[in-house]
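A short worksheet on the structure shown next.
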Number of protein chains: 4
Amino acid sequence: MVSNADEGATRSKRADARRNEKTLLDAAAAVFVTSGVEAPVRDIAAKAGVGMGTIYRHFPTRADLIVAVYRHQVDACAEAGPELLASSDSPYEALRRWIDLFVDFLVTKHGLAAVLQSDNAGFETLHTYFLDTLVPVCARLLDAAAGADEIRSDLRAIEVLRAVGNLCIGADSDPRYDARRMVGVLIAGLRHQDG
Amino acid sequence: MVSNADEGATRSKRADARRNEKTLLDAAAAVFVTSGVEAPVRDIAAKAGVGMGTIYRHFPTRADLIVAVYRHQVDACAEAGPELLASSDSPYEALRRWIDLFVDFLVTKHGLAAVLQSDNAGFETLHTYFLDTLVPVCARLLDAAAGADEIRSDLRAIEVLRAVGNLCIGADSDPRYDARRMVGVLIAGLRHQDG
Amino acid sequence: MVSNADEGATRSKRADARRNEKTLLDAAAAVFVTSGVEAPVRDIAAKAGVGMGTIYRHFPTRADLIVAVYRHQVDACAEAGPELLASSDSPYEALRRWIDLFVDFLVTKHGLAAVLQSDNAGFETLHTYFLDTLVPVCARLLDAAAGADEIRSDLRAIEVLRAVGNLCIGADSDPRYDARRMVGVLIAGLRHQDG
Amino acid sequence: MVSNADEGATRSKRADARRNEKTLLDAAAAVFVTSGVEAPVRDIAAKAGVGMGTIYRHFPTRADLIVAVYRHQVDACAEAGPELLASSDSPYEALRRWIDLFVDFLVTKHGLAAVLQSDNAGFETLHTYFLDTLVPVCARLLDAAAGADEIRSDLRAIEVLRAVGNLCIGADSDPRYDARRMVGVLIAGLRHQDG
DNA sequence: GATGAATGAGGATTCATTCAT
DNA sequence: GATGAATGAATCCTCATTCAT
């Protein structure tokens with residue numbers, strides 16, 4: 001349907017567009033750091049040096065943009081799950097370390113944890129992506145640890161993730177609050193209690 | 001409509017003002033329940049049957065209003081601390097029950113937990129009131145439990161309260177997430193680990 | 001519930017507000033003349049020398065504003081119906097003259113005829129007001145003329161009004177098109193045909 | 001318009017171009033049916049499977065596109081005039097039937113009647129084409145009917161066409177309004193009145 | 001010639017806050 | 001003291017049109 005010549009043209013276009021999208025993502029990431037993930041679209045466009053329409057073209061909703069910005073890191077986090085399970089001394093240890101990765105990710109993203117919990121429709125995509133990607137990984141780690149009788153077996157991945165996410169809210173704006181530590185406490189609480 | 005004890009203009013004025021303020025607080029509380037603590041000022045004024053200016057006169061900032069609305073309950077929670085300590089089998093048990101009270105309070109206040117963590121300046125008053133009131137109580141409970149060697153001794157009241165508050169965010173909008181349960185896990189995590 | 005003093009205050013407020021609303025209506029009418037009834041809200045606000053919010057306060061939707069601007073004239077038109085029926089030589093004559101009034105109204109309102117036919121939701125109020133007010137009047141005139149065997153009896157008021165309204169669209173922007181004349185032809189067409 | 005001597009590469013190119021243009025017109029016609037003649041250019045381009053630039057190359061203004069889409073049908077309508085005049089029992093009958101053709105055309109084109117009356121500059125081309133093509137035909141029919149003393153002789157073709165066009169506005173969006181019927185009334189109104 | 005990414009004007013709407021009455 | 005009308009900044013989103021590849 002398309003001649004080789006056309007293919008060439010198309011490809012170069014695509015390369016351009018991809019480079020441009022990269023610019024957008026970098027700009028968005030930068031703005032997210034300073035103004036949070038709910039920054040005005042106009043600001044992101046300005047930072048990227050493009051028109052607002054360009055943002056909308058690439059990312060119809062803000063959630064799409066956020067997902068795109070963090071997709072790689074979320075994916076990396078997901079992929080680390082099985083690896084940790086294989087390389088750790090125990091399933092619980094793997095779980096602990098995996099949660100640490102997740103927390104590291106969240107606490108460095110200003111406001112991300114907050115919108116992750118937002119009940120605002122329109123963040124649907126964001127919720128979905130996070131949950132679809134991370135819940136299965138977390139579930140497997142929980143199962144393994146529960147199977148080894150290291151932790152309680154009555155907690156579902158989704159609530160653990162949600163709790164961890166919640167604990168990370170505002171972690172970057174208050175020096176008196178150390179989200180990592182508190183997540184540590186939560187994860188410790190997963191262990192069986194000796195009474 | 002006018003109290004029997006109506007004597008002297010001054011006293012009746014004060015009584016009126018207090019009655020008026022009571023009306024405002026009741027209205028605000030009602031609106032908070034349905035629309036969250038970030039409801040438009042106009043809605044609250046309408047519910048109270050007063051002008052918006054009246055709200056602003058009594059409560060210069062939204063935080064002042066929120067504080068006023070929940071002061072009694074926060075105070076009651078604070079007062080319950082020493083009582084629980086005296087009446088419980090152990091300091092840890094007292095702590096657990098006190099945290100339960102705090103959680104009960106938060107999860108029934110739509111959106112309160114969220115603004116409690118908001119880094120938005122202007123909620124200063126709110127943060128201050130909550131912390132000033134509850135941190136000492138929580139600290140005493142933690143100290144007692146740590147003194148009895150029931151829990152870790154390296155956690156400060158402020159971070160525990162903050163963590164509990166965070167865990168309560170969005171508790172009322174997602175049936176899959178049970179904040180009370182997760183707070184239970186966190187509090188369990190305060191115990192010394194045997195592993 | 002309201003003291004006399006308050007009543008005074010309230011009344012003066014109301015008087016002010018009413019005066020202000022008058023300003024708004026005059027401004028809107030003026031802008032409608034030059035830019036049509038779909039003029040930007042900002043333009044109307046500017047013309048009235050008020051903020052946009054003021055327009056929205058008084059008239060939540062554009063249709064509400066249009067209705068308010070033309071209500072008096074629509075009402076006057078409706079009231080003229082029975083009078084014409086009483087004072088004219090024949091029901092048909094009354095109908096003819098009443099339609100003339102309606103046309104006079106429409107052709108002097110730039111773009112009004114157009115939005116009257118718009119299927120755009122949000123003009124609901126406008127449609128409703130026009131139809132509720134004028135259809136019964138027109139129906140009575142049609143009935144009378146049909147009863148006198150002066151015109152066909154198979155046409156409903158709503159379609160006659162709609163047709164007349166349609167014929168007025170764009171009447172003010174094309175000197176070659178005389179809406180009044182063509183409406184005259186339409187009304188003539190209501191008569192029984194002898195052929 | 002095209003010289004006979006045009007042979008070789010040029011011709012095949014032209015054939016391609018024509019085929020391409022055909023695709024565009026078909027796509028535009030299809031989109032016009034579903035979304036009206038004011039549908040976004042992007043939608044038309046997408047339907048045709050071409051870039052938006054291609055649309056603009058072929059049809060600099062939306063009016064040009066609309067004209068091109070409907071040219072055949074407008075032309076056919078124009079051509080039917082003389083034929084009807086020749087084959088009908090009377091000039092008036094021919095006029096009536098011709099107007100029916102015009103109405104059939106308009107009411108099946110969602111929104112076309114509306115933009116035909118739009119005073120928006122940029123539809124210049126559209127107005128011009130319609131009028132240049134149809135006014136002479138209509139004029140001849142009117143003249144013939146007037147010459148046979150079947151109708152009034154004081155109406156110009158342009159206003160009759162405009163009136164008919166107006167009556168067709170919105171005919172497809174309101175089941176209570178039957179444009180064909182009302183046009184029938186209008187055309188009946190052209191007849192001499194018997195008193 | 002074709003493509004479609006980019007632009008950015010344009011218009012709507014909300015709501016915290018002020019201030020004349 | 002109370003009122004609530006007025007303000008207007010802030011933000012969202014769409015789509016016609018241009019132009020580099």
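The structure presented is a predicted model; accordingly, all values stated were derived computationally and were not measured. Note that these values count all heavy atoms, side chains included, but never hydrogens, waters or copies made by symmetry.
Nearer to the 5' terminus of DNA chain F, by closest-nucleotide assignment, is the contact made by R62(A) (compared with the other of R62(A) and T61(D)). Comparing G51(D) and G53(A) by the nucleotide of DNA chain E that holds the closest heavy atom to each, the one mapping nearer the 5' end is G51(D). Between L24(C) and P60(D), the residue anchored closer to the 5' end of DNA chain F is L24(C), taking for each the nucleotide with the nearest heavy atom.
In DNA chain E, the stems built from three or more successive Watson-Crick or G-U pairs (distances below 3.5 Å) are E:2-21 with F:2-21.
With respect to the salt-bridge test (charged N to carboxylate O, under 4.0 angstrom), the residues D43(D) and K47(D) do not qualify.
T54(A) contributes no side-chain N or O that, together with a main-chain N or O of V50(A), makes up a donor-acceptor pair within less than 3.5 Å. Listed for the S35(A) side chain is no donor-acceptor partner under 3.5 Å among the backbone atoms of F32(A). Although no hydrogens or angles enter the test, the distance criterion places no donor-acceptor pair under 3.5 Å between the side chain of H58(B) and the main chain of G53(B). In this structure, R62(B) contributes its side chain and V41(B) its backbone to no donor-acceptor pair below 3.5 Å. In this structure, the side chain of D64(B) engages the main chain of T61(B) through a donor-acceptor pair within 3.5 Å.
As a whole-Å value, the separation of I44(D) CD1 from dC15(F) P is 12 Å. Distance NE2 (H58(A)) to P (dC13(F)): 17 Å, rounded to an integer number of Å. The CG atom of D64(B) sits 15 Å away from the C1' atom of dT17(E) (whole-angstrom rounding). Atom-to-atom, CD of E21(B) to C1' of dA2(F) comes out at 14 Å; the value is rounded to the nearest Å. Atom C1' of nucleotide dT11(F) and atom CD1 of I55(A) are separated by 15 Å, given to the nearest angstrom. The distance from atom CG of N120(C) to atom C1' of dA12(E) is 13 Å, rounded to the nearest whole Å. Distance CG (L65(A)) to P (dC12(F)): 12 Å, rounded to an integer number of Å.
The side-chain contact (heavy atoms from CB on, under 4.5 Å) with L65(D) is formed by just one residue from the set L24(D), I44(D), V37(D), L126(D); it is I44(D).
For T54(B), the listed nucleotide lying nearest its side chain is dT3(F); candidates were dT3(F), dT7(F), dA5(E). Taking the side chain of P40(A) as heavy atoms from C-beta on, and the options dA12(E), dG1(F), dC12(F), the nearest nucleotide is dC12(F). Checking dT7(F), dT18(E), dT3(F) against the side-chain heavy atoms of Y56(B) singles out dT18(E) as nearest. Side-chain proximity of M52(A) to dG10(E), dA16(E), dA5(F): nearest is dG10(E).
Contact annotation for G122(A): no contact, since no heavy-atom pair falls under 4.0 Å across all strands. Counting non-hydrogen atoms under 4.0 angstrom, R42(D) reaches a base of the nucleic acid.
Phosphate proximity of dT14(E) to R57(C): absent, as no side-chain N or O sits under 4.0 Å from OP1 or OP2.
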